[in-house]
Amino acid sequence: MAAKFVIGKNAHVDEGSKRPSSRNSWNTIKRKPAGGPSFTASMTMAFALIALMMALIFVTVLAVVWGGQFSSYTRQNMQSIADSTAASISEAYGDEGRWTAQVVSAASTASTFSSDIGVQVIDAEGGVLYDDTWAAGGDSAKVKGDGTLAAQSVSSLAPTGADSVVTASITDDEGREVGTVRLWAFGSDALLTKADSAFKDSSFEAIGIAAAAGVILACVIGYFTSRRMTSPIQKITNTAKQIRNGDLTARSGVKGADEIGQLGETFDDMATSLERDLKLEHRLTGDVAHELRTPLMAMQATVEAMQDGVLPADDEHFETVASEVRRLSRLVDAMLKLSRLENGGTELKTERADVVYLIRSLVNSQHALFHEKGLHLRFINDTGREELMADIDADMIREAVVNLMSNAMRYTDSDGYVTVSVRQERGDVLISVQDTGIGIAKEDIPQTFSRFWRSDVSRERVSGGLGVGLSLTKEIVDKHNGTILVESELGRGTTFTLRIPRDQKRRNLAQALQEA
């Protein structure tokens with residue numbers, strides 16, 4: 001099964017990346033923080049604070065809104081009792097036609113609703129005919145000789161504030177107002193009976209208990225939630241310490257679909273990449289030393305042999321030394337060019353150029369070289385047009401394609417095929433180099449563009465190089481804001497596809513806007 005791999009600075013754009021700071025520091029990871037609460041304690045306190053704030057908000061709203069509604073309810077209830085009492089007195093007054101003890105006795109019916117309710121009956125002139133508080137003061141209703149009641153002006157325990165009492169009019173059979181009934185609640189200025197006050201107090205007490213239970217429950221939930229969150233983070237931290245202490249095989253094993261799970265998987269992938277890169281770095285040292293040592297030893301042996309008279313100092317042996325010097329020079333030039341590209345020392349000189357003509361002429365110039373190796377080289381124009389203009393640095397693109405063609409020639413057996421094609425896809429131009437060579441193992445594809453890297457298969461071949469050419473190709477494509485797609489299968493061949501934007505100015509503008 002063929003493996004695919006895409007590389008390039010625009011293959012994956014990190015929107016959250018920031019410009020690196022010029023200040024750097026390094027220090028060992030401390031076992032424990034120097035001070036301050038732990039994450040678990042902070043989360044628990046946060047949950048408790050949220051629950052407490054919600055309880056305070058609820059109590060405040062309850063005191064303002066529900067308290068007002070409850071007071072309105074009790075006043076309406078008291079008003080209903082006053083209206084009912086006034087109706088009873090009006091009916092009795094209609095039967096008697098005057099104020100008598102039997103008429104005002106109907107006022108006592110208000111006390112049947114609650115013993116906490118006080119009643120006062122006042123005639124049309126404002127005189128008090130009946131008052132519940134008279135008994136406490138030693139007073140009573142005064143009856144005249146004709147049986148009617150005499151109004152009195154005696155002290156009363158009834159409240160005087162308009163908000164503390166409710167009133168209802170007493171009328172005769174003709175609808176004329178003959179008196180007034182006043183009701184209030186003993187011991188309260190808000191028309192609250194003892195039962196009402198007890199209910200209100202118990203309601204606030206229940207809310208307080210619920211708030212306390214909510215805070216405790218929030219602390220418990222916050223504690224276990226924070227422990228659940230910190231457990232994988234602690235695993236990642238411990239793994240980071242192990243890696244920093246030199247154990248590159250350590251992995252956190254944290255997985256999941258949430259952000260922490262993704263963090264754990266990304267961290268383990270990073271650790272794997274770090275381990276692989278360090279192994280490659282160690283192998284790179286041996287590769288570079290070997291590749292430099294081989295021509296140097298050849299030159300040293302030839303020169304020493306000529307100095308000792310073992311070999312004649314003729315043109316043939318001087319040419320051997322010169323060829324090894326040229327080999328070293330090419331290697332050093334490639335490394336220097338790669339370094340300049342990576343460090344921005346080489347300026348990209350883009351111009352409007354015909355990619356079809358550029359690649360066709362390049363293939364034509366390489367045809368004889370491939371023919372000498374016993375390989376078939378061909379060019380395919382899949383653009384559907386004779387010209388395909390793009391903003392490119394023609395010299396760099398030519399060098400990148402030559403590197404891919406040389407790589408294909410090196411790892412393709414005799415009578416194999418190498419196909420170079422050009423096609424267009426949306427606003428990009430695609431240049432592909434396909435061969436029928438030995439292919440690349442799936443696990444080796446991501447390392448294809450590493451400097452001086454070679455797969456184990458290519459190491460066995462005498463023609464195997466250091467891999468500087470593919471690294472150069474990647475840097476050239478990066479300079480053009482493009483990507484490289486690699487498709488390969490062992491024993492079947494490899495295809496490298498360069499994707500280059502045709503309009504570099506538009507791509508640079510879009511990239512700048514995305515970074516902003």
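For the single chain, residues carry numbers from 1 onward in sequence order.
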Between [X] and [Y], do the side chains contain an N or O donor and an N or O acceptor separated by less than 3.5 Å?
{"X": "R378", "Y": "S421", "result": "no"}
{"X": "N364", "Y": "H367", "result": "no"}
{"X": "T239", "Y": "S252", "result": "no"}
{"X": "D415", "Y": "H376", "result": "yes"}
{"X": "N238", "Y": "Q234", "result": "yes"}

So for atom [atom1], which belongs to [X], do other residues, nucleotides or ligands contribute more than 12 heavy atoms lying within a distance under 6.0 Å?
{"X": "M54", "atom1": "CE", "result": "no"}
{"X": "F379", "atom1": "CZ", "result": "yes"}
{"X": "E319", "atom1": "CD", "result": "yes"}

Exercise for the section: Walk me through it: do L490 and I440 pass the test side-chain contact (heavy atoms from CB on, under 4.5 Å)? Expected result: CA-CA 6 Å; L490 284 176; I440 306 173; 5.6 Å; no
Practice task
Could you go through the side-chain contact (heavy atoms from CB on, under 4.5 Å) check for V477 and R499 one step at a time?
Solution key: CA-CA 8 Å; V477 173; R499 178 183 289 270; over 6 Å; no
Handout entry: With V355, the side chain to side chain contact (heavy atoms under 4.5 Å, CB included) member among N381, T383, I392
Key =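 The side chain to side chain contact (heavy atoms under 4.5 Å, CB included) with V355 is passed solely by I392 among N381, T383, I392.
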Between side-chain atoms of residues 299-313 and protein atoms elsewhere (two or more places apart, or another chain), which donor-acceptor pairs fall under 3.5 Å?
| from | atom 1 | to | atom 2 | distance (Å) |
| --- | --- | --- | --- | --- |
| Q300 | NE2 | E304 | OE2 | 3.0 |
| T302 | OG1 | A298 | O | 2.8 |

Practice task
Measure from the side-chain N and O atoms of T495 to the backbone N and O of Q434, and report whether any donor-acceptor pair falls under 3.5 Å.
Solution key: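 No; zero donor-acceptor contacts below 3.5 Å.
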Problem - Donor-acceptor contact below 3.5 Å, side chain T412 vs main chain M409 - result: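 A pair under 3.5 Å: no.
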Practice task
For D391, check salt bridge (Lys or Arg N to Asp or Glu O under 4.0 Å) against everything at least two apart and list the hits.
Solution key: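 For D391, the residues satisfying salt bridge (Lys or Arg N to Asp or Glu O under 4.0 Å) (neighbours in sequence not counted) are R352.
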How far apart are the closest heavy atoms of [X] and [Y], and which atoms are they?
{"X": "V433", "Y": "A408", "value": "CG1-CB, 4.3 Å"}
{"X": "L375", "Y": "S414", "value": "CD2-CA, 4.1 Å"}
{"X": "A250", "Y": "I243", "value": "O-CD1, 3.9 Å"}

I'd like a table of donor-acceptor pairs (distance under 3.5 Å, sequence neighbours excluded) in which one partner is a side-chain atom from residues 394-404, with atom names and distances.
| from | atom 1 | to | atom 2 | distance (Å) |
| --- | --- | --- | --- | --- |
| D395 | OD1 | R398 | NH1 | 3.1 |
| E399 | OE2 | K337 | NZ | 3.2 |
| N403 | ND2 | E399 | O | 3.2 |
| N403 | ND2 | G469 | O | 3.2 |
| N403 | ND2 | T473 | OG1 | 3.4 |

Practice task
Answer yes or no: is there an ion pair linking E487 with R492, defined by an N-O contact shorter than 4.0 Å?
Solution key: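 R492 and E487: not salt-bridged.
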Practice task
Inspect the contact between E275 and R251 and indicate whether a charged nitrogen and a carboxylate oxygen are less than 4.0 angstrom apart.
Solution key: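 Yes, this pair counts.
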Exercise for the section: Find out whether V254 and K235 are in side-chain contact, i.e. whether some heavy atom of one side chain is under 4.5 Å from a heavy atom of the other. Expected result: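 Counting from C-beta outward, V254 and K235 do come under 4.5 Å.
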